[in-house]
Amino acid sequence: FLLALYDTSLADVDPHDENLPEVYKLRVLKECRRNIWYYFREVIRVPQKGGAVIHFRAHRSNIAVLWCVVAGVAVYMEQIRQTGKTTTMSSLVNYIVNIYGDNSSINWLTRDDSLRVKTMGDIKDIMDCLPDYCKLQTNKDRANTSELEVTALKNNLKIHVPRSSEKEADKLGRGFTSEWNIIDEIAYVLNIAITL
């Protein structure tokens with residue numbers, strides 16, 4: 001399934017080719033929309049410290065998570081530090097917001113404001129590495145440290161931080177009524193039991 005390709009005319013096409021004809025851009029977008037594996041295999045790029053940009057690094061954990069997402073299975077991911085948990089989720093958010101989602105909302109809860117800012121920065125950095133024709137966000141769309149939207153597809157992402165009071169933690173949890181909910185650093189989220 002990782003090598004799935006519905007439109008076989010894309011077999012030798014580089015989605016990042018700056019001279020890609022319009023017809024192939026449309027084919028790439030169509031393939032991405034129906035084939036998450038093509039998107040992660042051929043389209044998404046991940047910026048590294050030092051300026052390098054690499055392909056998404058697939059491994060057993062992130063492939064299992066993505067497969068569960070495709071299958072509609074709720075996922076809890078736990079793995080050792082610095083092995084790509086946030087990169088996987090940031091890449092998935094980019095897929096939902098720019099390609100797959102249609103009138104979708106994503107809520108992301110993280111442990112504190114500094115991590116919220118970093119996470120949004122990571123998401124935007126990955127978005128910047130997409131081919132231009134895969135970026136549907138305009139300068140009229142919100143794109144700050146806590147919210148990102150792509151109005152062309154009616155998709156938005158909100159990154160939240162925990163609340164110190166029980167009442168506010170309850171309100172936050174009640175606001176998590178969206179198709180996609182992500183909780184990062186769950187063990188360090190204040191009042192997580194109430195929010196959940």
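For the pair S178/I106, no side-chain contact is recorded, criterion being any heavy-atom separation below 4.5 Å from C-beta on. Residues V23 and R27 are in side-chain contact: their nearest non-hydrogen atoms beyond the backbone lie under 4.5 Å apart. Counting heavy atoms from C-beta on, the side chains of V93 and I126 never come closer than 4.5 Å. With a 4.5 Å cut-off on side-chain heavy atoms, V69 and W180 count as touching. You'll find the side chain of K85 stays beyond 4.5 Å of the side chain of T88, heavy atoms only. In this structure, L92 and Y100 have side chains that are not in contact, with every pair of non-hydrogen atoms separated by 4.5 Å or more. You'll find the side chain of L172 stays beyond 4.5 Å of the side chain of N191, heavy atoms only. Taking the side chain as every heavy atom from C-beta outward, Y24 and S9 approach each other to under 4.5 Å.
By the rule that hydrophobic residues join a cluster once side-chain heavy atoms approach within less than 4.5 Å of another member, I63 and Y39 end up as members of one cluster. Both M89 and Y95 are part of a single hydrophobic cluster, where members link through side-chain heavy atoms under 4.5 Å apart. Under the 4.5 Å side-chain contact rule for hydrophobic residues, F1 and L10 share a cluster. Residues V117 and M127 do not share a hydrophobic cluster, defined by chaining ILVMFWY side chains whose heavy atoms lie under 4.5 Å apart. Connection of V161 to L190 is not established within any shared hydrophobic cluster, with ILVMFWY side chains joined at heavy-atom distances below 4.5 Å, either directly or through further cluster members.
The two residues V73 and V75 have their closest heavy-atom pair at O-CG2, 3.3 Å. Residues N19 and D17 share a closest heavy-atom pair of N-OD1, 2.8 Å. The minimum heavy-atom distance between F176 and I182, with the atom names listed, is CE2-O, 4.5 Å. Summarising the geometry of L153 relative to I99, their closest heavy-atom pair is CD1-N, 4.2 Å, with the distance given to 0.1 Å. Among all heavy-atom pairs drawn from M77 and S61, the shortest one is SD-OG, 3.8 Å. Closest approach of D122 to S90, counting heavy atoms only: CB-OG, 4.3 Å.
Here the side chain of D102 pairs no donor or acceptor atom with the backbone of K154 at under 3.5 angstrom. Within the 3.5 Å criterion, the main-chain N or O of T177 finds no donor-acceptor partner in the side chain of N181. At least one donor-acceptor pair under 3.5 Å links the side chain of E31 to the backbone N or O of D7. Using a distance-only test at 3.5 Å, with no hydrogens or angles considered, no donor-acceptor pair links the side chain of R34 to the main chain of C32. Under a 3.5 Å cut-off, the side chain of H16 and the backbone N or O of V43 do form a donor-acceptor pair. Checked by atom type and distance alone, the side chain of E42 never pairs as donor or acceptor with a backbone atom of D14 at under 3.5 Å. Of the possible donor and acceptor atoms, none in the side chain of Q137 sits under 3.5 Å from a partner among the backbone N and O of V150. Here the side chain of E149 pairs a donor or acceptor atom with the backbone of R142 at under 3.5 angstrom.
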* **Full working for side-chain contact (heavy atoms from CB on, under 4.5 Å) between I183 and I192** => CA-CA 10 Å; I183 303 174; I192 188 63; 4.3 Å; yes

* Step-by-step side-chain contact (heavy atoms from CB on, under 4.5 Å) determination, V97 to I123 -> CA-CA 11 Å; V97 168; I123 290 167; over 6 Å; no

* To do: Could you please spell out the steps behind the side-chain contact (heavy atoms from CB on, under 4.5 Å) verdict for V189 and T195?
  => CA-CA 9 Å; V189 174; T195 300; 5.7 Å; no

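Residue Q79 places its CD atom among more than 12 non-hydrogen atoms of other residues, nucleotides or ligands, all under 6.0 Å distant. More than 12 non-hydrogen atoms from other residues, nucleotides or ligands lie less than 6.0 angstrom from NE2 of H59. Atom OH of Y133 is surrounded by more than 12 heavy atoms from other residues, nucleotides or ligands within 6.0 Å. The environment of K158 atom NZ is sparse: at most 12 non-hydrogen atoms of other residues, nucleotides or ligands sit within 6.0 angstrom.
W67 CH2 to I36 CD1: the interatomic distance, rounded to the nearest 0.5 Å, is 12.5 Å. Once rounded to the nearest 0.5 Å, the distance linking CD of E22 with NZ of K25 reads 4.0 Å. Considering CD1 of I96 and CG of N156, their distance stands at 11.5 Å, rounded to 0.5 Å. With values rounded to the nearest 0.5 angstrom, T110 atom OG1 is found 9.5 Å from R116 atom CZ. The distance from the CH2 atom of W108 to the CG atom of L148 is 11.5 Å, given to the nearest 0.5 Å. Atom CD1 of I159 sits about 9.0 Å away from atom CG of D184, to the nearest 0.5 Å.
For Q48, the side chain to side chain contact (heavy atoms under 4.5 Å, CB included) partners two or more places apart in sequence, or in a different chain, are V46, A52, I54. Taking R111 as the reference, E185 meet the salt bridge (charged side-chain N to carboxylate O under 4.0 Å, His left out) condition, with sequence neighbours excluded.
Between Y38 and the options L2, L5, L3, a side chain to side chain contact (heavy atoms under 4.5 Å, CB included) holds for only L5. For the pairing with F40, the side chain to side chain contact (heavy atoms under 4.5 Å, CB included) check across L66, N35, N62 returns one residue only, L66.
Classification of K124 and D128 as a salt-bridged pair fails, no side-chain N sitting under 4.0 Å from a carboxylate O.
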